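Here the structure is a predicted model, which is why all the values come from computation and not from measurement.
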Amino acid sequence: MELFIVWPFALFLAAGLLGLVVGSFLNVVAYRVPIMMERAWREQCAEVAGEIPEGADARDSNVPASGQEASSKAAPAHSDAQSDAPFNLLWPPSACPSCGHRIAPWQNIPILSYVLLRGRCAHCAAPISKRYPIVEAAAAILSLVAAYRFGPTWQLVAALPFTWTLLALALIDMDHKLLPDSITLPLLWAGLVLALFSAGGTPVFFTDLRSSVIGAAAGYTVLWVVFQLFKLLTGKEGMGYGDFKLLAALGAWLGWQLLPLVILLSAGVGAVVGSALLFASGKSRQTPIPFGPYLAAAGWIALLWGREILAWYGGYFHT
């Protein structure tokens with residue numbers, strides 16, 4: 001910490017580089033976690049149907065590969081997703097989805113490798129999606145903003161994983177309209193645990209334990225009530241349970257006091273951006289729009305500037 005206080009540039013350099021590296025990994029997370037979940041679901045269904053012995057390894061289930069791998073530059077070929085080979089966040093190593101050529105370490109450097117390879121596989125020259133360097137750059141930029149906001153503090157140590165987790169959730173929800181419990185629930189518990197720490201009665205991180213617990217309960221309950229009312233009035237489900245859990249996690253991190261701001265920001269931005277996207281794509285209003293990315297963006301803004309926004313709002317209307 002002392003080094004970063006004396007040399008602020010070192011803090012920004014470390015945050016930016018770390019963001020690039022983590023952003024590369026987030027591409028993998030966004031692609032592989034849904035497939036891992038599908039494998040688990042199919043294994044459970046097969047167990048219920050009596051197709052495989054209970055307790056059999058998920059690697060034995062026949063799960064078709066789908067989509068395109070998201071590593072920093074290219075993806076492991078997932079024809080082996082139907083084999084006995086393990087499939088998780090660490091294995092198999094990244095490979096080109098077109099030719100299956102395994103990615104060399106020098107070809108896996110965030111952004112730089114994409115530029116040097118001119119956006120193409122070094123082996124077969126197949127184009128590499130621009131999404132990979134975009135996510136890496138986004139993670140780096142968001143990390144730099146968090147470093148600028150909190151400086152060399154314990155809050156920054158917590159804010160960086162919070163930022164990366166929200167980015168991963170936003171990517172998965174955009175791709176699959178899914179917010180995995182394996183990510184939202186650890187985020188929720190992490191917020192509650194951080195709220196335990198205080199110094200002289202002042203929270204070390206972002207809120208106190210009482211506000212955190214109330215925030216988690218209120219976050220889940222608010223969207224659950226909205227869900228039930230919408231279903232009662234329209235006969236349709238307007239959102240998924242993952243949205244409830246994500247808002248509960250945000251409430252645990254931020255405290256109940258910032259939940260109205262998160263809901264207002266996410267609903268407002270979601271309505272404007274969602275409508276614009278539907279109009280641009282020519283799709284109907286019945287097309288489902290993932291709400292998770294807007295919740296994630298609103299939660300991130302509230303973590304960094306929520307108190308200041310509320311103070312400005314209160315002062316503006318009381319002057």
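- Taking the side chain as every heavy atom from C-beta outward, T163 and L167 never approach each other to under 4.5 Å.
- Between the side chain of S266 and the main chain of V262, a donor-acceptor pair closer than 3.5 Å is present.
- A 4.5 Å side-chain heavy-atom check between L303 and F206 finds at least one atom pair inside the cut-off.
- Annotation for A30 and L171: closest pair CB-CB, 3.8 Å, computed over non-hydrogen atoms.
- Connection of L261 to I214 is not established within any shared hydrophobic cluster, with ILVMFWY side chains joined at heavy-atom distances below 4.5 Å, either directly or through further cluster members.
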| Please walk me through it: do R149 and E308 pass salt bridge (Lys or Arg N to Asp or Glu O under 4.0 Å)? | CA-CA 12 Å; R149 172 65 181 84; E308 289 80 357; 2.8 Å; yes
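- Of the possible polar contacts, one joining the N27 side chain to the Y132 backbone as a donor-acceptor pair under 3.5 Å is found.
- To the nearest 0.5 Å, atoms CZ (F25) and CD (E136) are separated by 13.0 Å.
- Without hydrogens or angle criteria, D173 side chain to G292 main chain gives a donor-acceptor distance under 3.5 Å.
- Ring centers of W305 and W312: at least 6.0 Å apart, outside the cut-off.
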| field | Candidate pair T207 and W256, rule side-chain hydrogen bond (donor to acceptor under 3.5 Å, both in side chains), full reasoning | value | CA-CA 9 Å; T207 190; W256 63 268; over 6 Å; no
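- S129 places none of its side-chain heavy atoms less than 4.5 Å from the side chain of I134.
- Across every non-hydrogen atom of L258 and A302, the tightest pair is CD1-O, 3.7 Å.
- Note on F291: it does not cluster hydrophobically with L264, by side-chain heavy-atom contacts below 4.5 Å among ILVMFWY residues.
- In summary, the aromatic rings of F244 and F227 are positioned with their centroids under 6.0 Å apart.
- Among L179, L246, I263, V269, the one residue that satisfies the side chain to side chain contact (heavy atoms under 4.5 Å, CB included) test with L295 is L246.
- Here the side chains of V33 and L89 are in contact, with some heavy-atom distance below 4.5 Å.
- Under the 4.5 Å side-chain heavy-atom criterion for grouping Ile, Leu, Val, Met, Phe, Trp and Tyr, I35 is not connected to L90 through any hydrophobic cluster.
- Distance check, rounded to the nearest 0.5 Å: CG of L117 to CH2 of W106 gives 5.0 Å.
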| task | Starting from the C-alpha separation in whole Å, work towards a yes-or-no answer on side-chain contact (heavy atoms from CB on, under 4.5 Å) for T184 and T165. | result | CA-CA 9 Å; T184 56; T165 302; over 6 Å; no
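- Here the shortest heavy-atom pairing between A139 and G19 reads CB-O, 3.2 Å.
- Of the inter-residue distances, the one linking H176 atom NE2 with Y31 atom OH reads 8.5 Å to the nearest 0.5 angstrom.
- The shortest side-chain heavy-atom distance between S94 and R102 does not fall under the 4.5 Å cut-off.
- Just one residue in the list N108, I109, I128 forms a side chain to side chain contact (heavy atoms under 4.5 Å, CB included) with Y114, and that residue is I128.
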| field | Residues E43, R39; criterion salt bridge (Lys or Arg N to Asp or Glu O under 4.0 Å); working and verdict | value | CA-CA 6 Å; E43 180 194 5; R39 283 190 164 207; over 6 Å; no
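- The shortest distance between side-chain heavy atoms of M239 and V226 falls below 4.5 Å.
- Taking the ring centroids of W154 and F205, they lie at or beyond the 6.0 Å cut-off.
- When the side chains of ILVMFWY residues are joined at heavy-atom separations under 4.5 Å, either directly or via intervening members, L223 and Y241 end up in a single hydrophobic cluster.
- Between the CG atom of L26 and the CD1 atom of I172 there is a distance of 9.0 Å, given to the nearest 0.5 Å.
- Put simply, the side chain of L250 does not reach to within 4.5 Å of the side chain of W253, judged on heavy atoms.
- The shortest distance between side-chain heavy atoms of I103 and P93 does not fall below 4.5 Å.
- Distance CG/L192 to CG/L187: 10.0 Å, rounded to 0.5 Å.
- Note: the hydrophobic cluster containing V28 does not contain V21 (ILVMFWY, side chain heavy atoms under 4.5 Å, direct or indirect links).
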| What's the verdict on side-chain contact (heavy atoms from CB on, under 4.5 Å) for L11 and Y148, showing C-alpha distance, side-chain angles and the deciding distance? | CA-CA 9 Å; L11 175 64; Y148 177 80; over 6 Å; no
| task | Carefully, step by step, assess M37 and L178 under the rule side-chain contact (heavy atoms from CB on, under 4.5 Å). | result | CA-CA 11 Å; M37 294 175 64; L178 175 71; 3.8 Å; yes
| How far apart are the C-alpha atoms of K177 and D243, what are their side-chain angles, what is the distance that settles it, and do they pass the salt bridge (Lys or Arg N to Asp or Glu O under 4.0 Å) test? | CA-CA 10 Å; K177 298 179 178 61; D243 296 317; over 6 Å; no
| side-chain contact (heavy atoms from CB on, under 4.5 Å) between L229 and W224, worked out | CA-CA 9 Å; L229 290 175; W224 181 85; over 6 Å; no
